[in-house]
Structures are given as structure tokens and as C-alpha cells.
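One structure below.
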Amino acid sequence: VTYQLDRNQPLTTVLDREMGMLVSGNIEFQGTVEDGNGIKELYYSTNNCKSFVPVKISDGKPLTEFKFSVDTKQFADGPAVIWFKATDMSGSTGMYSFLYFIDNTKPDVQIISPTKDEVVNGKYTVAGFAKDVNGITDLRWSYGSESGVIELVPGNPYWVVDLDTTNGKEKSQKFTIHAEDKAKNIVEVTQQINLNQELDKPVVTITSPVAGQNFADSQELVLRGIAKDDDGVSSIKYQLDGEE
């Protein structure tokens, strides 16, 4: 008497993904299907088993590998389940479900200050925010040949970068902020910052003496005025008729 012993259903295992992980874009699933009687067919479903898509495998083997891709942009963000259906050579069918979370929404990143029409000079600050529902994992900036990483503070989406263009001669410079979330969604926001270093010079006003004022030989001349600058005034020098 010849008979086929079949006590187990085919076992499907996903190897390159962890249950409950965040994914985005086009993702690849790799794994194995095994059964002592050999694997005949393997299918997967992304619509709760309403329809199945065949997966190409080496049939007849007790252990076979599989690999296929799923475009998650076809589905809404949130939890999703992919179902596997494997059939062995004796006709037994095994089902396996795999839970993952889709996040195809890029981080919301904006530069608040300076505005696009604003003209800055010398030392100034670039400020903005970067936020994402699932959290930002990497936030960095670049400005000309300079670059840096912004420290992430849980619960605080705002960031600031202090820049010094005191010795620069450019009329404008490109500032870029780069953000990446936990699902590997990346967004870059770039703004051309207008520069005018002439506006960074101190402003000096002479209030005394006034233009055209006459002084007697014995009369004391008092020099009075105001010097101001947003970066602070470090020194004041004066000269009378070419003297020191």
C-alpha cells in the first residue's frame, strides 16, 4: 500500500522584514516557504484575500525562497496586512499574515525666517520647523560650503541655525534643510537668501557741531553724536583737519 503522509501545512516565513515595521514607497519582501511534501504554489494578497497574486518559485522543493515587490503608494497610510497562501504537493494549504505600517507622507518642513524677500547681512539666524506624524530621525542643513546636523528635541518641531556672513561678498546664498522620517521619507527645502553687506556697516550721526557752526579761538569744541549697529559698536575714531 502506497500513501502520502501529510501532517503539516506549508510554513511561510518573511526574512527581511520585521512584523509591525514602518515602510514607504516600493518595498521588497523576501522569505522562504517549506513543507516536507514539497511546495507547489505560493500566492500573496494585499486586499484581505479578495484576490491573490502568484509568486514565482522553484516548485517541488521542500524549502524554496521567494522575492517580490509591493508598491505601497497604491494604499492609504496606516496599518496594512499582506496574506500569503502556499500549497504543497499533496494539496494542503497554509495561510500566513504579515502586519506592517505604511507611511508615504513626507515630513512637513518650512523655513520661517528670513522670508524670501527679506535682505540680511552679517550675523543672522535662519529659523523654521520640521515635523512628521511618526517622527523625524535626521535633520541637517547646508549653506554654501558649510553644513551641520540639527539636534532633535522630542516634542519640539522648531529649529534655528546661526550663520555669520560678515566677510562674505555674495549677493545671495542657497540655504537647504534636509529631513528624513522613520519610514525613510526624505524632503529637502531650499531658499535663496538675499545678502547685502553694506547694510551691515555701523550708522554714525554727528549732532554737534552742526554744519556751518562758527567757533572762537578760545571756545571749546565738543564733538557729540551717535554710533549704532545691530552687531554692536567695538570702537569709534575721529579726525580733525587731517590730524591723528
Side-chain angles (χ1 to χ4, degrees), residues 12-32 44-51 53 55 65-84 96-118 120 124-165 172-194:
T12 303
T13 304
V14 176
L15 299 176
D16 66 330
R17 302 285 175 183
E18 294 181 2
M19 186 80 73
M21 71 178 300
L22 275 172
V23 298
S24 64
N26 198 53
I27 62 170
E28 187 176 80
F29 287 94
Q30 296 185 35
T32 60
Y44 74 90
S45 173
T46 56
N47 56 8
N48 200 25
C49 300
K50 294 179 181 178
S51 62
V53 179
V55 179
E65 298 179 349
F66 67 83
K67 181 170 65 175
F68 63 91
S69 298
V70 173
D71 185 5
T72 62
K73 292 183 179 180
Q74 299 178 358
F75 313 105
D77 284 6
V81 177
I82 185 168
W83 285 88
F84 294 88
Y96 174 70
S97 60
F98 185 87
L99 171 68
Y100 58 99
F101 291 86
I102 299 174
D103 177 17
N104 285 313
T105 302
K106 294 183 178 181
D108 182 12
V109 181
Q110 292 187 32
I111 299 173
I112 301 175
S113 177
T115 62
K116 294 182 179 179
D117 298 328
E118 187 176 351
V120 296
Y124 66 94
T125 298
V126 182
F129 64 81
K131 52 188 177 181
D132 186 85
V133 174
N134 294 307
I136 304 281
T137 58
D138 184 31
L139 188 63
R140 58 186 67 239
W141 61 272
S142 63
Y143 180 79
S145 60
E146 301 179 60
S147 62
V149 177
I150 300 175
E151 182 180 358
L152 298 169
V153 180
N156 181 14
Y158 296 96
W159 51 265
V160 293
V161 176
D162 294 322
L163 298 173
D164 186 357
T165 62
S172 66
Q173 189 69 272
K174 184 173 69 173
F175 180 88
T176 300
I177 189 79
H178 170 104
E180 181 177 339
D181 65 12
K182 291 183 178 179
K184 304 300 181 182
N185 294 304
I186 297 175
V187 63
E188 286 190 350
V189 176
T190 298
Q191 180 174 315
Q192 200 74 19
I193 296 178
N194 301 311

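In what follows, every heavy atom counts, from backbone to side chain, and hydrogens, waters and symmetry copies are set aside. A quick note: this is a predicted structure, and the numbers were derived from the prediction, not measured.
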Write down the atom of [X], the atom of [Y], and the distance for their closest heavy-atom approach.
{"X": "F66", "Y": "T32", "value": "CE2-N, 3.3 Å"}
{"X": "F101", "Y": "G20", "value": "CD1-O, 3.3 Å"}
{"X": "G25", "Y": "T72", "value": "O-OG1, 2.6 Å"}
{"X": "S113", "Y": "E118", "value": "OG-OE1, 4.5 Å"}
{"X": "P154", "Y": "L152", "value": "CD-O, 3.8 Å"}

Is there a side-chain contact between [X] and [Y], using heavy atoms and a 4.5 Å cut-off?
{"X": "V126", "Y": "P114", "value": "yes"}
{"X": "W141", "Y": "L163", "value": "yes"}
{"X": "V161", "Y": "I177", "value": "no"}
{"X": "Y96", "Y": "V14", "value": "yes"}
{"X": "Y158", "Y": "I112", "value": "yes"}

Could you measure the distance from the [atom1] atom of [X] to the [atom2] atom of [Y]? Nearest 0.5 Å is fine.
{"X": "E65", "Y": "T13", "atom1": "CD", "atom2": "OG1", "answer": "11.5 Å"}
{"X": "E180", "Y": "D132", "atom1": "CD", "atom2": "CG", "answer": "10.5 Å"}
{"X": "L22", "Y": "T137", "atom1": "CG", "atom2": "OG1", "answer": "10.5 Å"}
{"X": "Y100", "Y": "R17", "atom1": "OH", "atom2": "CZ", "answer": "10.0 Å"}
{"X": "Q191", "Y": "K174", "atom1": "CD", "atom2": "NZ", "answer": "12.5 Å"}
{"X": "L139", "Y": "W159", "atom1": "CG", "atom2": "CH2", "answer": "7.5 Å"}

Quiz prompt | Check: D181 main-chain N/O paired with N134 side-chain donor or acceptor under 3.5 Å | solution = no
Practice problem: Output yes when a side-chain donor or acceptor of D103 lies under 3.5 Å from a complementary backbone atom of T105, and no otherwise. | Solution: yes
Atom [atom1] of [X]: over 12 foreign heavy atoms under 6.0 Å:
{"X": "E151", "atom1": "CD", "result": "no"}
{"X": "E18", "atom1": "CD", "result": "no"}
{"X": "Q30", "atom1": "CD", "result": "yes"}

Quiz item: Does the pair T176 and E188 meet the rule for a side chain to side chain donor-acceptor pair (under 3.5 Å), with working shown?
Solution: CA-CA 7 Å; T176 300; E188 286 190 350; 5.8 Å; no
Practice problem: Classify the angle between the aromatic ring planes of Y44 and F68 as parallel (below 30°), tilted (30 to 60°) or perpendicular (above 60°). | Solution: parallel
Exercise. If the plane angle is over 60° it's perpendicular, under 30° parallel, otherwise tilted; pick one for Y143 and F175.
Key: tilted
Quiz item: Checking side chain to side chain contact (heavy atoms under 4.5 Å, CB included) for the pair Q110/V189: CA distance, chi angles, key distance, verdict?
Solution: CA-CA 7 Å; Q110 292 187 32; V189 176; over 6 Å; no
